[in-house]
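Values below: all heavy atoms of this structure, side chains included; hydrogens, waters and symmetry mates excluded. Lettering of chains follows the sequences in order, A, B, ..., and the numbering in each one begins at 1.
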Number of protein chains: 4
Amino acid sequence: MKTRDRIIHSALALFNEQGEPNVTTNHIAADLGISPGNLYYHFRNKEEIIHSIFDQYALDLSMGFQPEVPAESDEQRLLAYLDATFQLMWRYRFFYANLPDILSRDAELQNKYLEAQQALKANLFAMLSRFRETGWLDMDDEALQSLCSTLKLVASSWIFYQSAQSPQAKVTPVVIYQGVLQILKMVSPMTTDKGRAVVSGLIGHYREQMESTKAASDSA
Amino acid sequence: MKTRDRIIHSALALFNEQGEPNVTTNHIAADLGISPGNLYYHFRNKEEIIHSIFDQYALDLSMGFQPEVPAESDEQRLLAYLDATFQLMWRYRFFYANLPDILSRDAELQNKYLEAQQALKANLFAMLSRFRETGWLDMDDEALQSLCSTLKLVASSWIFYQSAQSPQAKVTPVVIYQGVLQILKMVSPMTTDKGRAVVSGLIGHYREQMESTKAASDSA
Amino acid sequence: MKTRDRIIHSALALFNEQGEPNVTTNHIAADLGISPGNLYYHFRNKEEIIHSIFDQYALDLSMGFQPEVPAESDEQRLLAYLDATFQLMWRYRFFYANLPDILSRDAELQNKYLEAQQALKANLFAMLSRFRETGWLDMDDEALQSLCSTLKLVASSWIFYQSAQSPQAKVTPVVIYQGVLQILKMVSPMTTDKGRAVVSGLIGHYREQMESTKAASDSA
Amino acid sequence: MKTRDRIIHSALALFNEQGEPNVTTNHIAADLGISPGNLYYHFRNKEEIIHSIFDQYALDLSMGFQPEVPAESDEQRLLAYLDATFQLMWRYRFFYANLPDILSRDAELQNKYLEAQQALKANLFAMLSRFRETGWLDMDDEALQSLCSTLKLVASSWIFYQSAQSPQAKVTPVVIYQGVLQILKMVSPMTTDKGRAVVSGLIGHYREQMESTKAASDSA
DNA sequence: CATGAATGAGAGTTCATTCAT
DNA sequence: AATGAATGAACTCTCATTCAT
């Protein structure tokens, strides 16, 4: 891995663990065993590192949600979608926990973020529409729009919200699974009988995932 | 107003405008035209100022949601509740925008916050239960619990979420009204016919409020 | 007691307990339950308080060592002398622990201190001379001079030295008694048979005192 | 000289001249013509500078008193010992003048200091024992122990005591020589005839040294 | 005599960033 | 590419002292 990428990698890890405001450029350099001067050879400033992390995030986002990717079934597609969403949230969780501050410093980043959000929204709407067509959801257009907004809000805020609720402010994968479950529960009331079966199946799946993760972390 | 209160007031205003991490104790003192020493005469440190702001927030919270306050009707009560919630969010918006960082620094504040959240949750649940009894909502217990969680999450995260979405990161009262509307739309699918009328009425009310606020700020 | 005297009293107590550099004028005022403004009504500044404490010390010094005070015997006189010396050291121990710093700040105090030291030296020399005449000591003039210097040095430095040696840096009355014993042991080799008996008697006396003090503080 | 060493050097000089509490980290940086940030690049805080000075002191101490170093004669060895002791006191005199305060702040330094003191005491006792075996001293075990304590006390306190006695609080090399002489005079009464000759010789030597130093500083 | 709010210089320290090598 | 010493503005906080009341 090139130094530039190693910096991005290390910065992301430290930001996630300790929060972006608590990680200095010197910390990052020390973590990598390189000099601060070298770090500044690869990046003009700390902001540029954050930018690069965001670019990577945006790339992951666009890769994970390509609708053209064929799936065995709509159910599979939904599963993949949820997985991708929350994996992304987990991988860039520092970002979600400090969004307002990070964006307010940097207008360019703000714009990039808004673009990504637009894409996300379009994506989400397309998926929900398809599920309605498939006969899983029973909603009118307005309700669909509204659900779409709410889901995006909940997904975007989940990490932020949970990291304030838990006493240790430690975000764990378990928290992520709870977020997926929360989303599914929100969709549940709008489902048809057919749709309800699908959603229930997914809820069962994620509960299992969560329990096995919990068990793994407890025994560790 | 006493200096101590002026400090809290000024700090709150600056925190809301510029974000807590970007406001130094010297900024606050300069804003008031007092010396830094004087600020530290009234508060041991910056954290204590934040604590005092939070105490005021907690007080406002408990005052705004006293169930014993008689209301003309359940509809009135709901209206008052929503108003209070979002006014509070508006008044202490810096807090909502920086929650994880602020709480991670200060275990005592974390506890105070969690207590306030418990109270809020109990409150919200009581209110929704009553509406179900009144025959406005048609939901089983589990769905009610779930709705309750979602509403709290959306309310708590609204400012955070919106301040990241809007290009200038400026949170305005209009944003607040959108939050109330969002909440009402989330409740809407669970209503009975009787309940739907009430919710529709409220939606209409807040749309008007929002429009008039928009008009006022545009002409300014 | 007048406020002025209460300030001196409280300042002395706090200085002794916590060390002069660690005691602020606000601490003193708070300890007395008066306002800082009031403290500065009675004293122009912190230095003046220290001056006043020193004046009281100098007074105690001159009172405790008046040669004209009749004593039953030379032995009694020596006992009284040693008691007075070490009581003084105990009462003003903060002073002994910070002498260089305190004096370097204040030329006037330095002069007062030197005067007091001269008087002390003259006093001590007179007493030792008398003991030689009485036939307790066997020394020539030069040795007497030298002993005199050493004794003064040891007495003056005892608190300073001990407070560095003990891990807790806490000066207790036991430390004081050890100082008296140290002094007596230094005189011992210069004594005649007659003198040795006197010194041995005193050593026994102070050992008892020390033990009873230790016992008292242990049971407390 | 490396910057780190220059900082230690400059700090020691300033501490000695003005007293440790009166020298700020900014003073040290300004004295060297470097930025405060640079000083903190080399040392985490002021305490660490003091620690480093102490480490250097401890090193000097252990180097100066290595018993395995062969000497032409016991007399030479004693001479070297006294020289080393008082040179050390001179070089680190700020330390001796502020001991209680400096140690009370820093438990680790306190321990290091006590260790150094133990070594010093053992050293001193070994040397006096050897002189007794050589037939220079005529004392029983208890008296030897007592003399040992007294000598250590006087040596450790000399700078402290003298810096309070001299009007300008200026400690000069002449003061150091007086300290050596004081020590020798304290040993003198315990000597045999043979020993007395040695001590007298040393006293003469140091008187000469002192006079020539005085002359040199007067003509300067 | 007394209050207590207010002052302001300056303390120790941090950190994003620069620069000579 | 990389080093690591160096910068300097800014931060939080302290405390002897003043002053209006």
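Take the nearest nucleotide of DNA chain E for C/Asn26 and for C/Gly33: the residue whose nucleotide is more 5' is C/Gly33. Residues B/Arg6 and A/Glu47 each lie close to DNA chain E; by heavy-atom proximity, the contact nearer the 5' end of the strand is made by B/Arg6.
If you take NE2 of A/His27 and C1' of E/dT14, they are 10 Å apart, rounded to a whole angstrom. Rounded to whole angstrom, the span from the CD atom of C/Glu48 across to the P atom of F/dA16 amounts to 15 Å. Atom CG of B/Asn45 is separated from atom P of F/dC13 by 5 Å (rounded to the nearest Å). We find that CZ of C/Phe43 is positioned 15 Å from C1' of E/dA2, with the value rounded to whole Å. Rounded to a whole Å, the CG atom of D/Asp106 is 16 Å from the C1' atom of E/dG12. In this structure, the CG atom of C/Leu39 is 13 Å from the C1' atom of F/dC15, given to the nearest Å. Here the C1' atom of nucleotide F/dA10 and the CG atom of B/Asn22 are 13 Å apart, to the nearest Å. Distance CD1 (B/Ile49) to C1' (F/dC13): 12 Å, rounded to an integer number of Å.
Pairing partner, E/dT3: F/dA20, with both Watson-Crick or wobble hydrogen-bond distances short of 3.5 Å. Of all nucleotides present, only E/dG8 satisfies the Watson-Crick or G-U wobble test against F/dC15, with each distance under 3.5 Å.
Between C/Ser35 and E/dT3 there is a side-chain N or O to OP1 or OP2 distance below 4.0 Å. Residue D/Thr3 places at least one side-chain N or O closer than 4.0 Å to OP1 or OP2 of F/dA6. The shortest distance between the side-chain N/O atoms of A/Thr24 and the OP1/OP2 oxygens of E/dC15 is not below 4.0 Å.
No side-chain donor from either of C/His27 and C/Asn22 sits under 3.5 Å from a side-chain acceptor of the other.
Under the 3.5 Å distance criterion, the side-chain polar atoms of B/Lys46 are matched with a main-chain donor or acceptor of B/Val23. No donor-acceptor distance shorter than 3.5 angstrom exists from the side chain of B/Asn98 to the backbone of B/Asp101, with no hydrogens or angles considered. In this structure, the side chain of A/Ser163 engages the main chain of A/Phe160 through a donor-acceptor pair within 3.5 Å.
Side-chain contact between A/Asn38 and A/Ser35 is present, with heavy atoms from C-beta onward closer than 4.5 Å. Contact of the A/Asp60 side chain with the A/Tyr92 side chain is registered, since non-hydrogen atoms from C-beta on lie closer than 4.5 Å.
With respect to the salt-bridge test (charged N to carboxylate O, under 4.0 angstrom), the residues D/Arg93 and D/Glu17 do not qualify.
The nucleotide whose nearest atom lies closest to any side-chain atom of B/Lys46 is, among F/dT12, F/dG4, E/dA6, F/dT12. For B/Tyr41, the side-chain atoms get nearest to E/dG4 when compared with the rest of E/dG4, F/dC13, F/dA1. The side chain of C/His42 sits closest to E/dC1 out of E/dC1, F/dT12, F/dT7.
The aromatic rings of B/Tyr57 and B/Phe95 lie tilted to each other, with the angle between the two planes from 30° to 60°.
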Nucleotide N/O to protein N/O under 3.5 Å, stretch nucleotides 19-21 of chain F:
none

